[in-house]
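Every chain is numbered from 1, with letters handed out A, B, ... down the list of sequences.
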Protein chains: 2
Amino acid sequence: MHRTVIKSLPLFETMSDADLDGLLAQATPRRVAQGEAVFKQGETATSFFLLLSGRLKVTQVTGDGQQIIVRVVHPGELFGFAKALARPDYPGTAMAVTDSMTLAWPSCLWSDFIGRTPLLAARTMQTLGRQLDEAHTRIREMSTQESERRVAHAILRLSGKAGRQEEAGIQIGFPISRRDIAEMTGTTLHTVSRILSAWNTQGLVEVGRQKIIIRDIPGLARLAEGKPE
Amino acid sequence: MHRTVIKSLPLFETMSDADLDGLLAQATPRRVAQGEAVFKQGETATSFFLLLSGRLKVTQVTGDGQQIIVRVVHPGELFGFAKALARPDYPGTAMAVTDSMTLAWPSCLWSDFIGRTPLLAARTMQTLGRQLDEAHTRIREMSTQESERRVAHAILRLSGKAGRQEEAGIQIGFPISRRDIAEMTGTTLHTVSRILSAWNTQGLVEVGRQKIIIRDIPGLARLAEGKPE
DNA sequence: CGCATTATTGAAGGAGTTCAACCTTGGTGG
DNA sequence: CCACCAAGGTTGAACTCCTTCAATAATGCG
């Protein structure tokens with residue numbers, strides 16, 4: 001039933017129809033409503049997942065209650081593969097920011113999953129590598145850049161991954177709050193609010209409740225690069 | 001010649017002697033003097049490496065010349081496996097902080113390398129996962145903690161990986177400057193200097209030129225956890 | 001319609017950066 | 001062998017970006 005969707009994903013493109021069917025036979029589809037969690041930080045990792053549609057955010061909470069957004073999961077991406085890290089539990093909480101569809105496999109099938117096609121293992125490693133690269137980018141930005149540039153970078157990244165062309169500009173294709181952006185950039189919702197308000201006045205973006213439309217991508221990019229206006 | 005050393009690494013423990021010999025036959029050993037680079041950021045990734053002895057730091061430079069330390073490589077760890085990310089170039093510079101020994105394989109052997117033993121692929125993925133986890137920890141710390149706690153965490157982590165028991169306490173087993181710590185924690189060498197001086201006065205550590213001896217691990221741990229003294 | 005969630009904005013305060021000057025240490029070469 | 005110098009380290013003072021605290025407004029869901 002999801003065959004055609006999955007078949008079109010780069011992750012599975014080299015897999016034969018028979019193998020794919022075998023894989024799908026063991027998967028459980030699940031609908032996740034907005035605001036609902038697929039799994040919670042610290043829970044035993046019983047499954048790993050593929051996001052078919054919608055959007056998730058993966059968060060971590062620190063001992064003293066502070067929260068950060070570790071990753072945004074886009075359709076076609078694997079998530080919750082704690083077994084790859086040889087971890088018994090999920091390191092974060094995966095929550096739907098829009099109504100989403102996931103496919104779940106039991107964790108014990110992980111080695112089977114990546115053993116099936118050598119390419120699948122390689123692809124997964126590449127995904128991991130890309131995430132690592134992104135994490136290092138965030139670290140670099142947090143170390144060296146002021147918050148306005150970090151927010152600009154974050155929004156540009158989101159627009160690339162989840163941008164929808166509208167008349168007014170490119171809109172981030174899922175609800176996103178000031179707090180979310182703050183948790184992605186290592187600042188406070190107050191600072192984000194001030195920055196977005198300023199950009200709104202300058203005509204760079206158009207903001208609303210849980211909504212951001214980018215009107216001037218090059219302008220934002222210039223800000224992100226730290227160039228003078 | 002390095003057989004016994006390598007054989008004892010967890011990475012290769014399940015490999016047969018014959019396979020190991022095959023692998024070693026294709027590897028090139030190389031001595032790297034302190035301060036010398038194994039590879040530089042942006043260079044074409046012609047090889048991937050294993051650190052036999054010594055210690056490396058992997059750094060990245062931003063467009064505007066700011067530098068951060070992405071990772072410290074300890075003996076027995078793989079590094080420079082850009083091919084796993086399907087990257088053509090090295091994302092950072094690997095520099096020896098002590099005289100080191102490395103083993104290099106041509107990049108084209110990477111798929112052969114991880115294909116040889118399924119376990120090797122799994123292990124590499126776990127390594128990648130651990131690095132990702134560590135990166136997220138750094139992001140979390142940089143988002144939520146003041147610099148003193150971050151420095152405490154960084155030093156505790158180093159002492160765990162490279163600590164040497166001395167009479168005065170546990171010494172970090174390689175030369176490390178204030179600047180290095182600043183580049184690992186996202187602050188300035190000035191701030192690190194002030195923090196270490198204060199700790200020195202309090203008897204938590206004993207500092208010297210490129211040298212740190214930890215005298216009170218529990219005390220540092222308490223600081224790292226943000227507990228009141 | 002009411003209330004919770006999200007967002008805005010002002011004011012005050014502080015942690016850390018930046019700038020700057022000076023001190024230490026160890027290695028090198030005259 | 002010791003004088004010098006570069007690299008590493010310390011420390012003060014000013015400043016600033018961002019957080020924190022606080023109060024108010026807008027939005028949309030039940």
Report, one line per pair, each donor and acceptor closer than 3.5 Å where one atom sits in a side chain of residues 169-178 of chain A; sequence neighbours left out.
{"from": "A/S177", "atom 1": "OG", "to": "A/R179", "atom 2": "N", "distance (Å)": "3.3"}
{"from": "A/S177", "atom 1": "OG", "to": "A/D180", "atom 2": "N", "distance (Å)": "3.1"}
{"from": "A/S177", "atom 1": "OG", "to": "A/D180", "atom 2": "OD2", "distance (Å)": "3.3"}
{"from": "A/R178", "atom 1": "NH2", "to": "A/G208", "atom 2": "O", "distance (Å)": "3.3"}

Exercise. Can you give one letter per nucleotide of nucleotides 24-30 of chain D, going 5' to 3': B for a protein heavy atom under 4.0 Å from the base, S for sugar-phosphate only, - for none?
Worked result: --BBS--
Problem set entry | Length of the line joining A/I195:CD1 and D/dC18:P, which is rounded to integer Å | 7 Å
Exercise. Using a cut-off of 4.0 Å on non-hydrogen atoms, how would the nucleic acid contact of B/S147 be classed: base, sugar-phosphate, or nothing?
Worked result: sugar-phosphate
Problem set entry | side-chain N/O B/R178 vs D/dG8 OP1/OP2, d < 4.0 Å | no
Seminar exercise, completed: Taking D/dT19, C/dA7, D/dT11 as options, the one with an atom nearest any side-chain atom of B/H190 is D/dT11
For this session: Write down the distance between CD (A/Q66) and P (D/dT19), rounded to a whole number of angstrom.
Result: 10 Å
Exercise. Whole-Å distance between D/dT20 P and A/L189 CG?
Worked result: 11 Å
For this session: Report which part of the nucleic acid B/G35 touches: base, sugar-phosphate, or nothing (heavy-atom distance under 4.0 Å, all strands).
Result: nothing
Exercise. From C/dT8, C/dT18, D/dG8, pick the nucleotide closest to the side chain of B/T188?
Worked result: C/dT18
Problem set entry | Side-chain N or O of B/S193 closer than 4.0 Å to phosphate OP1/OP2 of D/dT10 | yes
For this session: Going by the side chain to side chain contact (heavy atoms under 4.5 Å, CB included) test, name the single residue among A/T127, A/L50, A/V38 that passes it with A/F79.
Result: A/V38
Exercise. Does any donor-acceptor pair link the side chain of B/R194 with the base of D/dG9 at a separation under 3.5 Å?
Worked result: no
For this session: With sequence neighbours excluded, tell me which residues meet side-chain hydrogen bond (donor to acceptor under 3.5 Å, both in side chains) with A/S143.
Result: none
Seminar exercise, completed: To the nearest angstrom, the CD-C1' distance between A/E148 and D/dT19 comes to 17 Å
Exercise. Please give, in whole Å, the distance from C/dT8 P to A/Q210 CD?
Worked result: 12 Å
Seminar exercise, completed: To the nearest angstrom, the CZ-P distance between B/R149 and C/dA15 comes to 14 Å
Exercise. Quick one: does B/S159's side chain have a donor or acceptor within less than 3.5 Å of a partner on B/G163's backbone?
Worked result: no
Exercise. So among B/W105, B/F81, B/F49, which one has a ring-ring contact (aromatic ring centres under 6.0 Å, His included) with B/W110?
Worked result: B/F81
For this session: In whole angstrom, give the distance that lies between atom NZ of B/K211 and atom P of D/dT10.
Result: 12 Å
Exercise. How is B/S177 classified with respect to the nucleic acid when contacts are heavy atoms under 4.0 Å: base, sugar-phosphate, or nothing?
Worked result: sugar-phosphate
Problem set entry | Pair A/K211 + A/E166: basic N to acidic O under 4.0 Å | no
Exercise. Can you tell me if B/T188 and B/T191 form a side-chain donor-acceptor pair at under 3.5 Å?
Worked result: yes
Exercise. How about B/H136 and A/Q60: does a side-chain donor come under 3.5 Å of a side-chain acceptor?
Worked result: no
Exercise. Would one find a side-chain N or O of A/T191 under 4.0 angstrom from OP1 or OP2 of D/dC18?
Worked result: no
Seminar exercise, completed: Among the nucleotides C/dT9, C/dA7, D/dG8, whichever has the atom closest to the side chain of A/S197 is C/dT9
Exercise. Taking the side chain of A/E146 as heavy atoms from C-beta outward, which of D/dT19, D/dC18, D/dG12 is closest to it?
Worked result: D/dC18
For this session: Let me know the distance between CZ of A/R179 and P of D/dT20, rounded to the nearest Å.
Result: 12 Å
